[in-house]
Amino acid sequence: MTVAAGSATGAASLVQSVDWLAIAPPVIAASVALLVLVADLFVSERRKPLLGYGAVAGLVAAFAMLVPLRAGDRSTFCLTDGTQACSYTADHFAVVIQALVLGGALLTALLSIGETRKLPAGEFWFLLLSSAAGAALLPAARDLATLVVALEVASLPAFALVGIKRGDRRSSEAALKFFLSSVVATAVMLLGVSFVYATTGTMHLTEIAARLDDVPGRFSTLAEAGVILTLVGFAFKTAAAPFHFWVPDTYVGAPLPIAAYLSVVGKAVGFSGLVLVTVIAFPSYADVWGPALAVLAALTMTVGNVAALRQTATRARSAVRLLAWSSVGQAGYLLVPIAAAAYSSDTQIGSTVAYALMYAVVNLGAFAVAALVARSRPGNRLSDYRGLYATRPLAALAMGFFLLCLAGLPPGIIGLFAKVTVFSSAVDAGLGWLAVVMAVNVVIALYYYLRWTAALFSTPEPAPASEDSSRALGLQVPAPLTLAIVLTAVAGITLSGAPQLILRFATLSLF
């Protein structure tokens with residue numbers, strides 16, 4: 001009887017309750033995705049737009065569930081052996097990134113309503129919500145298995161979203177390039193993860209950090225290779241050079257709302273995963289990933305800004321292509337504080353998160369205005385924005401504000417302060433050379449941002465006669481698109497009015 005009782009007690013110790021509140025944001029997004037897919041079978045073609053509004057409501061509900069998690073003190077799916085290692089942790093880092101990705105997905109949904117008339121509605125909203133669920137799961141993942149699964153749940157639907165325009169050769173080509181590059185990244189990352197597991201015998205990030213401090217000499221090379229390969233896999237996901245080649249063609253070929261989604265939510269997914277594996281799992285190998293990320297940051301921002309500088313105004317879809325190359329350059333800035341964390345402390349990560357929040361707001365706003373212009377000018381050339389103030393003054397003012405924020409110039413104070421925090425993190429970590437490279441790149445970026453801003457207020461050019469009919473169709477602006485522009489503009493102006501929030505946020509300890 002004693003043995004039986006002991007066995008029962010041991011079995012009971014393996015049973016744990018699930019903290020449903022902690023996992024509510026990704027669970028709600030995934031549940032609504034399934035509901036939308038099923039509802040698509042029963043909704044008539046005339047009422048398909050209701051699916052979009054249902055998706056928006058689901059994302060609002062998922063975002064609202066972050067409010068009770070703001071204390072950042074919840075964990076679930078934990079080991080019962082006394083190590084206190086958990087697979088899911090809703091700490092401050094996870095909650096902030098979840099707010100970013102769910103807010104980005106919500107704005108993407110607003111952009112998509114009215115833009116999906118020629119797309120399969122049920123599949124589109126299911127894929128978008130599924131990807132958002134994976135993106136919301138990833139920053140809370142605290143073991144490599146959950147991290148990889150969340151990354152793929154966020155990525156796989158994105159492949160289909162990029163190529164969802166049936167019969168469009170450009171869309172299919174973009175999806176193929178995106179798919180192949182991501183598959184290679186995943187294969188490399190999984191190889192690195194397998195090496196790390198082989199040397200440590202655990203998948204939990206905190207346990208990996210403890211065991212990598214004392215790796216037997218015969219396994220040291222294997223452990224170092226695992227760390228490097230895992231970082232290379234995430235470098236693909238973050239579009240860091242030289243693993244960025246898929247970005248411009250993918251953004252141009254994808255539906256414009258999906259390009260906006262990839263530029264913000266896709267980057268947030270890659271960078272949050274990179275932060276988790278470097279700062280939590282691999283701190284003992286900071287001498288390996290610190291210099292590597294510093295070099296990647298310098299290379300990425302330089303390649304992105306120089307390529308954006310070379311875009312011609314009359315090339316078809318040059319506006320989206322410039323935003324794509326700009327996002328590569330911005331990825332370089334986001335890498336700087338992560339590299340700096342290897343030389344100083346984990347608090348540098350706050351600078352990356354603060355910059356990501358600024359970038360998400362203004363970049364989604366820029367894509368929203370681009371979607372507005374594309375309704376009357378399907379070519380979406382940079383030259384199409386010339387004289388926008390004469391026809392759509394509020395949209396031109398909003399676009400000018402977003403571009404100045406990205407450039408870091410007044411009145412885009414929030415962009416200036418975000419760049420200052422990133423620059424300070426490099427200086428504080430002793431990476432003076434990287435701060436110099438960043439300063440040079442900021443000057444390079446000023447030229448193409450200011451050139452685009454100046455074009456908004458220049459004398460408009462007469463439009464080609466072939467575009468008269470498309471311009472007439474674009475006069476009706478969907479209310480959700482207007483709401484997306486207003487929300488991003490208000491958020492940007494509010495943050496610019498209180499830029500000290502960025503400085504304060506950048507100094508917080510998120511873990």
Side-chain angles (χ1 to χ4, degrees), residues 107-108 110-112 114-115 251-252 255-257 259-260 263 308-327 359 361-412 414-415 445-493 496:
L107 288 169
T108 301
L110 291 175
L111 293 180
S112 301
E115 300 293 325
Y251 284 24
V252 168
L256 202 54
S263 72
L309 191 67
R310 298 178 63 249
Q311 299 305 308
T312 56
T314 56
R315 182 180 181 181
R317 296 170 182 82
S318 54
V320 177
R321 195 172 290 273
L322 189 147
L323 287 173
W325 283 115
S326 167
S327 73
Y359 169 74
V361 170
V362 299
N363 205 62
L364 283 169
F367 269 101
V369 177
L372 175 64
V373 173
R375 294 183 66 82
S376 57
R377 299 289 184 95
N380 217 330
R381 302 173 179 85
L382 287 169
S383 58
D384 293 336
Y385 292 78
R386 185 177 179 87
L388 182 63
Y389 183 77
T391 55
R392 298 188 185 274
L394 294 180
L397 289 172
M399 188 63 164
F401 174 72
F402 296 140
L403 293 174
L404 291 176
C405 283
L406 290 171
L409 291 176
I414 186 63
L446 285 178
Y447 177 75
Y448 61 80
Y449 285 132
L450 289 177
R451 183 177 60 181
W452 194 350
T453 304
L456 298 172
F457 304 96
S458 302
T459 304
E461 295 179 353
S466 60
E467 293 186 358
D468 287 344
S469 58
S470 62
R471 188 184 302 105
L473 292 174
L475 291 177
Q476 296 293 331
V477 181
L481 176 56
T482 302
L483 179 60
I485 297 174
V486 170
L487 287 176
T488 51
V490 169
I493 293 171
S496 291

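Numbers here are sequence positions counted from 1.
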Test your reading of the model: is there a side-chain donor-acceptor pair from S318 to the backbone of L382, 3.5 Å cut-off?
yes

Where the side chain of S383 meets the backbone of A313, is there a donor-acceptor pair that is under 3.5 Å apart?
yes

Between T488 (side chain only) and A484 (backbone N and O only), is there a donor and an acceptor less than 3.5 Å apart?
yes

In this structure, OG1 of T108 is separated from CZ of F367 (nearest 0.5 Å) by 10.0 Å

Worked verdict on L323 versus Y251 for side chain to side chain contact (heavy atoms under 4.5 Å, CB included)
CA-CA 9 Å; L323 287 173; Y251 284 24; 5.9 Å; no

Exam field: side chain S326 to backbone L322, donor-acceptor pair closer than 3.5 Å:
no

Decide yes or no on side chain to side chain contact (heavy atoms under 4.5 Å, CB included) for Q311 and Y448, but give the supporting numbers first.
CA-CA 9 Å; Q311 299 305 308; Y448 61 80; over 6 Å; no

Can you tell me how far apart CZ (R317) and CZ (R381) are? Round to the nearest 0.5 Å.
8.0 Å

Return the CZ to CG distance between R386 and L388, rounded to the nearest 0.5 Å.
12.5 Å

Review item, side-chain donor-acceptor pairs of residues 394-409, under 3.5 Å, at least two apart:
none

Criterion side chain to side chain contact (heavy atoms under 4.5 Å, CB included) on L487 and L110, from CA distance to verdict:
CA-CA 10 Å; L487 287 176; L110 291 175; 4.0 Å; yes

Can you give me the closest heavy-atom contact between A260 and S263, atom names plus distance?
O-OG, 2.8 Å

Gap between atom CG of L446 and atom CG of L309 - 0.5 Å precision:
11.0 Å

I'd like to know if the side chain of D384 and the backbone of N380 have a donor-acceptor N/O pair within less than 3.5 Å.
yes

